There are 2 protein chains.
Amino acid sequence: MAMTTEELQETAAPKGKYHHGDLRQTLIAACYDIINERGADAFSLADACRLANVSTAAPYRHFKDRDEILAEVTARGFEAMTARAVEAVEAQGEGTLEGIVAMGQAYVDFALSEGGVFRLMFGGAPALQDSEPVIELGNNCFGYLIQQITIYCMAHGMEQDAGAVAVKMWTFVHGASALLMDDKYEKVTPDLDVKAMIADAIPMLLGKPG
Amino acid sequence: MAMTTEELQETAAPKGKYHHGDLRQTLIAACYDIINERGADAFSLADACRLANVSTAAPYRHFKDRDEILAEVTARGFEAMTARAVEAVEAQGEGTLEGIVAMGQAYVDFALSEGGVFRLMFGGAPALQDSEPVIELGNNCFGYLIQQITIYCMAHGMEQDAGAVAVKMWTFVHGASALLMDDKYEKVTPDLDVKAMIADAIPMLLGKPG
DNA sequence: TCTTGTATGTTAGCTGCGTTAACATATGTT
DNA sequence: AACATATGTTAACGCAGCTAACATACAAGA
């Protein structure tokens with residue numbers, strides 16, 4: 001994902017060939033990028049077709065309908081998000097507070113850099129959320145988040161229910177991502193440092209302030 | 001807002017009259033309700049016209065384009081949300097912890113009962129967010145939330161920066177609303193009591209656990 | 001190699017939506 | 001009463017999603 005327009009067009013039509021080669025993957029990638037650049041509302045499947053140099057009917061050889069493509073894009077989103085979370089944790093060491101904080105920051109970074117897909121992953125239509133790959137990869141993603149926080153809590157002998165603490169942290173980080181992405185902080189606290197706020201709040205939610 | 005279909009159709013066409021009477025308000029109300037019932041994605045202006053018994057061209061006598069109607073709907077959303085917050089606070093008494101918790105619960109309740117509009121208020125297209133009434137009523141709404149939390153903090157002599165605490169609470173409640181609305185908790189903690197979690201987390205974010 | 005079936009493209013056409021232009025009818029002001 | 005203005009309608013356009021009918025490439029067996 002996250003290819004440039006030129007890269008997409010290279011991949012697009014293997015020069016003069018009637019068949020494309022891998023239109024399915026190319027379309028998913030094109031949609032992924034368009035949605036992140038212009039937002040899901042401004043997205044049209046026809047635009048993706050133009051990017052891939054195929055007719056607007058071509059997608060229907062690979063997908064049932066538009067929603068099925070969006071579901072695939074959404075699933076990729078969860079994949080990418082999980083990858084970022086894993087990366088963040090492993091860079092800091094599993095079971096450390098630094099790892100948890102880094103994971104929270106990765107969550108925020110993902111929302112900021114891939115806002116369009118992030119909205120699909122959460123606000124998306126029921127047709128998307130109920131699709132097979134989305135359910136599975138979504139559960140993987142959330143499961144990993146919760147699991148890592150839980151591991152940390154257990155390792156440090158928290159008296160509270162580790163799962164409950166994990167959900168609270170997730171809630172906080174998700175709220176921060178959403179509000180930041182939508183520029184809602186700007187109006188009220190223009191100079192807010194979101195990452196600092198998260199690093200600050202996480203210990204509080206652990207019940208061990210300071 | 002929140003009229004039944006029958007009520008809308010009563011308001012719709014003052015039987016046989018060529019002119020409508022108050023198409024502008026009727027359309028806004030119709031859009032508001034459709035969006036909450038079917039989601040902003042499944043919404044079409046044409047549907048709202050059918051509900052109001054007018055042609056699909058009629059709206060353009062009152063609005064520049066579709067986005068202007070959605071902006072109006074979004075603004076109504078902020079109005080309604082502010083009203084609910086004020087109600088919650090005043091029922092419990094300004095400056096009390098109970099008032100703050102009730103306000104948080106009102107936030108969640110609003111997201112659940114008017115999910116479609118809630119998404120517009122946050123995830124909405126730039127064209128909506130940048131409109132005059134949305135900016136103003138949005139600022140009113142957030143301003144009230146922050147203000148009330150700040151009042152509470154000051155009244156109880158919090159050592160921390162009251163504004164910073166307020167933003168943390170808002171973040172948490174917003175995250176809870178979003179995740180709950182999108183059924184994201186279900187998969188991970190099926191039996192979560194969100195309101196209890198909020199009542200639990202708020203004191204933590206105040207830096208005074210227990 | 002030829003043939004033939006299947007996968008994967010294309011073009012043409014349908015429907016619905018947003019929008020505008022041209023026209024029609026109320027309303028209210030002189 | 002006449003006219004300007006506000007607010008409706010119908011007709012038409014372009015674009016998007018989607019389907020059907022047709023075309024082309026590929027792959028596998030005779």
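Please read all numbers here as calculations on a predicted model, not as lab measurements. A, B, ... follow the sequence lines: proteins, then strands. Residue 1 opens every chain.
- Closest contact between the side chain of L23(A) and the listed nucleotides dG8(D), dG9(C), dT19(C) involves dG9(C).
- If you check every strand for non-hydrogen atoms under 4.0 Å, S44(B) touches sugar and phosphate atoms only.
- Comparing R61(A) and L45(A) along DNA chain D, the residue whose closest nucleotide (by nearest heavy atom) sits nearer the 5' end is L45(A).
- Summarising the geometry, the separation between CD1 on I69(B) and P on dG18(C) is reported as 9 Å, rounded to the nearest angstrom.
- Going from atom CG of D22(A) over to atom C1' of dA7(C) covers 13 Å, rounded to whole Å.
- In this structure, D41(B) atom CG and dG18(C) atom P are separated by 13 Å, rounded to whole Å.
- A donor-acceptor pair shorter than 3.5 Å cannot be found between the side chains of R50(B) and S55(B).
- A side chain to side chain contact (heavy atoms under 4.5 Å, CB included) with V73(A) is found for exactly one of L27(A), I28(A), N36(A), V134(A), namely I28(A).
- Side chain to side chain, Y32(A) and E114(A) meet the donor-acceptor criterion of an N or O pair below 3.5 Å.
- The phosphate of dA16(D) (OP1 or OP2) has a side-chain N or O of R50(A) nearer than 4.0 angstrom.
- The separation between E68(A) atom CD and dC18(D) atom C1' is 14 Å, rounded to whole Å.
- With rounding to whole Å, Y60(A) atom OH is found 6 Å from dG17(D) atom P.
- Between D47(B) atom CG and dG16(C) atom P the separation is 11 Å, expressed in whole Å.
- OP1 or OP2 of dG9(C) sits under 4.0 Å from a side-chain N or O of H62(A).
- Among the atoms of the strands shown, only primed sugar atoms or phosphate atoms (P, OP1, OP2) are found under 4.0 Å from some heavy atom of A46(A).
- For D67(A) and dA16(D), the CG to C1' distance is 14 Å, given to the nearest whole Å.
- Protein atom CZ of R66(B) is 14 Å distant from nucleotide atom C1' of dC15(D), rounded to whole Å.
- A 6.0 Å sphere centred on CD of Q25(A) holds more than 12 heavy atoms belonging to other residues, nucleotides or ligands.
- D67(B) places no side-chain N or O within donor-acceptor distance of the main-chain N or O of A127(B), the cut-off being under 3.5 Å.
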